[in-house]
Amino acid sequence: MRKKLAAGNWKMNGTLGSMLEIDALAEKHPAPTCDVLICPPATLVAAMAASIGDGVIKTGGQDCHANTSGAYTGDISAEMLADAGASYVLVGHSERRQDHNESDADVRSKAKAGMGAGLVVVVCCGETDDQRVAGDTLDVISAQLTASIPDGSTAENLVVAYEPIWAIGTGKVPTLAQIGEVHDAIRALLENRFGDDVGQSVRLLYGGSVKASNADDIFAVPNVDGALVGGASLKADDFSGIITALENS
Ligand code: 13P
């Protein structure tokens, strides 16, 4: 059985005062039946991990460098995230791919680094609106994941997040059939590459305008094992509704 995962990506939002939201979330969900993860900005990783421990809410980074250390001004290594108390890291988010020109090869190197540091790596993928309209979605996702996921990945160190770029922060959500089609294809791709045991055990998240009001429907789609949530993860009240929907799915 795959353990469900509710993951929040705070992106470039939050200051020390935002730790109150984490505290409120932990109070609302003292013993969640799914995994709960928040990826705050890098400035808050250590504070969050220190305040919440390795308890019911896991701490994650939003990106990492492919190398362990060195002359890379402004970058953060996976070892540093682990040292600060993180247990997860996102790699290949579309905002990194688009705004920082990250290629699939870059994403794979970062994923390798994250796994090497003992982190669970969430590899993100997703098509643009144009690619969807052109009928290229499954080809795009397959190419991205084939090149972005490192060899030797396991169900313990890999999570895949499908986030259609046109659904991020727009309030637009694919139909449930569209989500199901992509998640089934990702499952098949993982089974083909890593074998049935690993392929069937890796968790697949959907992301893009997930809210408490649409979470029940999305979580009922086969092969959706949770969500990667942006805007609706910033407030404990909003994210709590999504966690509850996942627990009840
Ligand atoms: P929204 O939930 O704000 O659409 O963002 C999704 C996302 O990009 C999470 O990584």
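We count ligands from 1, going down the list as the structure has it; atoms in each ligand are counted the same way.
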Criterion salt bridge (Lys or Arg N to Asp or Glu O under 4.0 Å) against Glu102, the qualifying member of Arg108, Arg97, Lys110: Lys110

Close approach of Ala232 to ligand 1, heavy atoms, under 4.0 angstrom: no

For atom 2 (O) of ligand 1, the protein heavy atom that lies nearest, with its residue and separation: Gly230 N, 2.8 Å

Contact atoms of ligand 1, heavy-atom distance to Ser209 under 4.0 Å: 1 (P), 2 (O), 4 (O)

For ligand 1, the portion of Leu228 having any non-hydrogen atom under 4.0 Å away: both

Check: Lys11 N/O within less than 3.5 Å of ligand 1 N/O: yes

The single option from Val140, Leu138, Val133 passing side chain to side chain contact (heavy atoms under 4.5 Å, CB included) against Asp136: Val140

Modelled atom types, side-chain donor and acceptor of Ser18 and Glu21, under 3.5 Å: no

Polar proximity ligand 1 side, Gly169 side, N/O cut 3.5 Å exclusive: yes

Any Phe239 side-chain heavy atom under 4.5 Å of Ile38 side chain: yes

Lys211 to ligand 1, any heavy atom closer than 4.0 Å: no

Asp237 side chain to Ser240 side chain, donor-acceptor N/O pair below 3.5 angstrom: no

Those residues that, when tested against Tyr162, pass ring-ring contact (aromatic ring centres under 6.0 Å, His included) (two or more places apart): His183

Nearest-neighbour protein heavy atom for atom 7 (C) of ligand 1, which is reported as residue plus atom name and distance: Glu163 OE2, 3.1 Å

Min N/O separation Thr170 to ligand 1 under 3.5 Å: no

Closest protein heavy atom (residue, atom, distance) for atom 3 (O) of ligand 1: Gly231 N, 2.9 Å

Verdict with reasoning, Glu127 to Trp166, per side chain to side chain donor-acceptor pair (under 3.5 Å): CA-CA 8 Å; Glu127 82 283 5; Trp166 51 274; 3.0 Å; yes

